Amino acid sequence: MTLRVGLGYDVHRVKAGRPLVLGGVRFESDWGLDGHSDADVLSHAVGDALLGAAGLGDLGEHFPPGDARWKDASSLDLLARIAALLAERGARVVNVDAMLVAEAPKLAPHRAAMCANVARALGLNADAVSIKATTNETLGAIGRREGLAAMAVALVERGT
Ligand code: MG
């Protein structure tokens, strides 16, 4: 049995009038994130962490942003596809820990729903997924609310 860790990072620009979807939760907001899919920056970081742990490349390789199939795609659906890729290779997700970097919105009221969404997409118990948030203390582009960033790590167990 081998344990493997993976790292994910993503950033999306803020755009007025776009939906704001984080961890599969649609926020009440007059701004959202620009992107080809639903631009769920948190789920994208989680997906890259999982692919990295399994040695399966990165999100852009599996779901190219130029591909019409992934236009406005639900990122939870992409996570479910990644979970299937891992399962095909005998890899089991142990846990995921993710961090959103954003001045807004406040995540706390939605944290449980986000964890449940991500866990469900990956076929995990909700307690295997942790989602946290911090601000960037108004520093830099994230601090100026020009975008949101997310980081994640994932631990995966493989039979060999
Ligand atoms: Mg992305």
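Bear in mind the structure is a predicted one, so any value in this text is a computation, not a measurement. Remember, it's 1-based here, ligands and their atoms both numbered in the order they're listed.
Neighbours of the Mg ion (ligand 1) restricted to protein N, O or S atoms under 2.8 Å: the count is 3.
Looking at Asp77 and Ser74, their side chains never bring a donor and an acceptor atom within 3.5 Å of each other.
The residues Glu103 and Arg145 are annotated as not salt-bridged, no charged nitrogen and carboxylate oxygen being separated by less than 4.0 angstrom.
Distance alone, capped at 3.5 Å, places no donor-acceptor pair between the Asp97 side chain and the Val153 backbone. Of the possible donor and acceptor atoms, none in the side chain of Asn125 sits under 3.5 Å from a partner among the backbone N and O of Asp127.
No continuous path of ILVMFWY side-chain contacts below 4.5 Å connects Val101 to Leu33, so the two sit in separate hydrophobic clusters. Linking ILVMFWY side-chain heavy atoms closer than 4.5 Å, directly or via other members, places Met151 and Val93 in two distinct hydrophobic clusters.
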